[in-house]
Amino acid sequence: MAQKQYNVTGMSCEHCAASIREEISEVPGVSDVVVDLTANAVTVHGTDLDDDRLRAAIVEAGYGVTDAVAV
């Protein structure tokens, strides 16, 4: 199983986290999404994760992506 972590700008509450989880969960291959509000980080678990689609999902939810790291 692959894992990617993103730093996200603009999220500050559980509603923000839920919006991001919902959008990312719709990307093919995603099996789990963990949002850490304190660290402004999102960790995505799954298979054949497409970086562009994951970034687009975060932007679609209304937030910015500052970087991505394969973990």
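Residue numbers run from 1 in the order of the sequence given. A quick note: this is a predicted structure, and the numbers were derived from the prediction, not measured.
To the nearest 0.5 Å, the span separating CE on Met1 from CG on Asp48 amounts to 11.5 Å. Tyr6 contributes atom OH, which lies 10.5 Å from atom OG1 of Thr43 (distance to the nearest 0.5 angstrom).
Contacts of Glu26 classified as side-chain hydrogen bond (donor to acceptor under 3.5 Å, both in side chains), with partners at least two apart in sequence or in another chain: none.
When every heavy atom of Leu49 is checked against every heavy atom of Lys4, the shortest pair comes out as O-CE, 3.7 Å. When every heavy atom of Ala41 is checked against every heavy atom of Gln5, the shortest pair comes out as CB-NE2, 3.4 Å. Taking each heavy atom of Ile58 and Gly64 in turn, the nearest pair found is CG2-O, 4.2 Å. A pairwise comparison of heavy atoms in Gly10 and Cys16 identifies O-SG, 4.4 Å as the closest pair. Considering all non-hydrogen atoms of both residues, Val30 and Ser25 come closest at CG1-CA, 4.2 Å.
With respect to Val44, the side-chain contact (heavy atoms from CB on, under 4.5 Å) criterion is satisfied by exactly one of Asp51, Ile24, Val27, Val34: Ile24.
Within the 4.5 Å cutoff, the side chain of Met11 has heavy atoms near those of the Asn40 side chain. Inter-residue side-chain proximity for Val65 and Leu54 is flagged as unmet; no heavy-atom pair is nearer than 4.5 Å.
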Please lay out, stage by stage, how Arg53 and Glu60 fare under the test salt bridge (charged side-chain N to carboxylate O under 4.0 Å, His left out). CA-CA 10 Å; Arg53 291 182 88 170; Glu60 180 67 26; over 6 Å; no

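Under the 4.5 Å side-chain heavy-atom criterion for grouping Ile, Leu, Val, Met, Phe, Trp and Tyr, Tyr63 is connected to Leu37 within one hydrophobic cluster.
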